[in-house]
Amino acid sequence: MNAVTMMRLFDSGQLAVAGGVRKIEVSDGAFRVHSDDGEHTFDAVINAVNPPPRAIPRGAGQLVTALLADGSAELYPAGGLAPCDPRLHVVGDLAGGGPFITSSIAGVAARAARAAQTIVAAGDGLP
């Protein structure tokens, strides 16, 4: 269903892909996008860029460094962070332990629900 909707938007000119984006500016309530293809103006911009393989988000850097240093987690060979401590749960794009695939909202919610069930069942850290 999403692919059909996206193709309809592409075909109607309501959706476009801009590669090689170097800069985005807000201008008169719209977005001016400077890319390899020149300058274009859009009403909305969606960042759909995937991080490079095995990338650690800057905001998670200190946490990941600490988890690696104390042995609580390790970098998974295919990408992501794999817990070494069963009390540690990693959810979202940073999660390793399987194929490194960008997470969907439904996938993150399902994995978070499983983590919560595991924590409740184990009674870890709960009163």
Side-chain angles (χ1 to χ4, degrees):
M1 183 64 136
N2 288 340
V4 171
T5 302
M6 288 182 70
M7 290 307 298
R8 189 179 75 246
L9 293 171
F10 277 122
D11 291 343
S12 70
Q14 293 177 283
L15 182 63
V17 174
V21 174
R22 293 182 305 279
K23 183 178 181 182
I24 300 174
E25 302 172 305
V26 176
S27 176
D28 298 323
F31 297 94
R32 187 175 312 143
V33 177
H34 304 267
S35 71
D36 290 345
D37 298 330
E39 185 179 303
H40 304 280
T41 302
F42 298 102
D43 294 329
V45 174
I46 300 169
N47 179 357
V49 175
N50 290 332
R54 297 173 191 79
I56 303 296
R58 187 177 8 233
Q62 288 182 318
L63 172 62
V64 170
T65 298
L67 292 171
L68 295 173
D70 74 8
S72 297
E74 61 186 15
L75 293 175
Y76 191 72
L81 190 67
C84 295
D85 183 324
R87 298 170 298 166
L88 177 64
H89 301 272
V90 182
V91 176
D93 290 345
L94 191 56
F100 190 63
I101 299 171
T102 300
S103 302
S104 66
I105 293 172
V108 170
R111 194 157 182 174
R114 284 194 304 273
Q117 290 168 351
T118 301
I119 291 167
V120 168
D124 290 337
L126 298 177

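Since the structure is predicted, the reported quantities are computational estimates derived from the model, not experimental observations.
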Same hydrophobic cluster for Val17 and Val45, using side-chain heavy-atom links shorter than 4.5 Å among ILVMFWY? no
Heavy-atom side-chain contact between Met6 and Arg8 under 4.5 Å: no
Contact summary for His89 and Arg87, nearest pair of heavy atoms: CD2-O, 3.4 Å
Is a side-chain donor-acceptor pair under 3.5 Å present for Ser72 with Asp70? yes
Hey, does the side chain of Arg22 reach the backbone of His34 with a donor-acceptor pair shorter than 3.5 angstrom? no
What I want to check is whether the side chains of Gln14 and Ser12 have a donor and an acceptor closer together than 3.5 Å. yes
Steps toward side-chain contact (heavy atoms from CB on, under 4.5 Å) verdict (Phe31, Val26): CA-CA 5 Å; Phe31 297 94; Val26 176; 3.9 Å; yes
Closest non-hydrogen atoms of Ala30 and Phe42, given as atom of the first, atom of the second and distance, are CB-O, 3.4 Å
Can you tell me how far CG of Leu75 sits from CG of Leu68, rounded to the nearest 0.5 angstrom? 5.0 Å
I need the minimum non-hydrogen distance between Gly71 and Cys84, along with the two atoms involved. O-CB, 3.3 Å
Thr41 and Arg32: side-chain donor and acceptor closer than 3.5 Å? no
Nearest heavy-atom neighbours spanning Phe10 and Leu15: CD2-O, 3.3 Å
Report yes if the side chains of Val21 and Asp36 come closer than 4.5 Å at any heavy-atom pair, otherwise no. no
